[in-house]
Amino acid sequence: MSEDDNNMEEYPTEIHDYLAAFEKSLGSVGEMLKTMMSVSRSELLEKLDPLEQAKLDLVSVYTLNSMFWVYLATQGINPKDHPVKQELERIRTYMNKVKEITDKKKASKLDKGAASRFVKNALWEPNAENEHTSKTPTKGKKRQ
């Protein structure tokens, strides 16, 4: 019997697809970690603005804590009863704050000068010449 056959006997066949997907996901995480580890952190942070640095730090710490969550689950420990749950919630709070800042930066800003000029030009202002006459003649009356 091969090693794969022995492994097949250790777990129910119904979960084989789930385990295969999990193994594929672990491989993807491994590849991403190799890519991230290939560049020094200081080099990476030099190229990013402070907001991007915060995003990178938050994603990194969230990923690390999520992996610890999975580790606890594989060890038979309920991660919902572990302090890692509060840590993940704290990180999510900061991620939401960064998202709010990003959204505010993307939001359009009001140019007060342009808005006041637009409103001023859109409104009709009477002057001395046409104070008694309107710009649009009324029906049935001739303009004098």
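What's counted below: heavy atoms across the whole structure, side chains too, no hydrogens, waters or symmetry copies. Here the structure is a predicted model, which is why all the values come from computation and not from measurement. For this chain, numbers begin at 1 and follow the sequence in order.
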Leu26/Phe22 under side-chain contact (heavy atoms from CB on, under 4.5 Å): CA gap, chis, key distance, verdict: CA-CA 6 Å; Leu26 283 178; Phe22 180 68; 3.5 Å; yes

Worked verdict on Arg41 versus Asp57 for salt bridge (charged side-chain N to carboxylate O under 4.0 Å, His left out): CA-CA 10 Å; Arg41 181 167 168 75; Asp57 288 342; 2.4 Å; yes

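Put simply, CG on Leu33 and OG on Ser28 are 11.0 Å apart, with the number rounded to the nearest 0.5 Å. Taken to the nearest 0.5 Å, the CG atom of Leu58 stands 14.0 Å off from the NZ atom of Lys99. Here the straight-line distance linking atom CE of Met37 with atom OG1 of Thr35 works out to 11.5 Å at 0.5 Å rounding. From Met32, atom CE reaches atom OG1 of Thr63 across 8.5 Å, with rounding to the nearest 0.5 Å. Put simply, CH2 on Trp69 and CD1 on Ile77 are 12.5 Å apart, with the number rounded to the nearest 0.5 Å. Separating the NE2 atom in His82 from the CZ atom in Phe68 is a distance of 4.5 Å, to the nearest 0.5 Å.
In this structure, Glu31 pairs ionically with Lys34, as a charged nitrogen and a carboxylate oxygen lie closer than 4.0 Å.
Side-chain contact check for Val29 versus Met67: some heavy-atom pair is nearer than 4.5 Å. A heavy-atom distance below 4.5 Å is not found between the side chains of Glu52 and Leu56. Taking 4.5 Å as the limit, some side-chain heavy atom of Tyr94 sits within range of a side-chain heavy atom of Arg90.
Smallest separation of non-hydrogen atoms from Val84 and Pro79: CG1-O, 4.0 Å. Of all the heavy atoms in Gln53 and Leu45, the pair that sits closest is NE2-O, 2.8 Å. Of all heavy-atom pairs between Lys85 and Lys80, the closest is CD-O, 3.5 Å.
Both Ile101 and Tyr62 are part of a single hydrophobic cluster, where members link through side-chain heavy atoms under 4.5 Å apart.
With a 6.0 Å radius and a threshold of 12 heavy atoms from other residues, nucleotides or ligands, Glu23 has its CD atom at or below the threshold.
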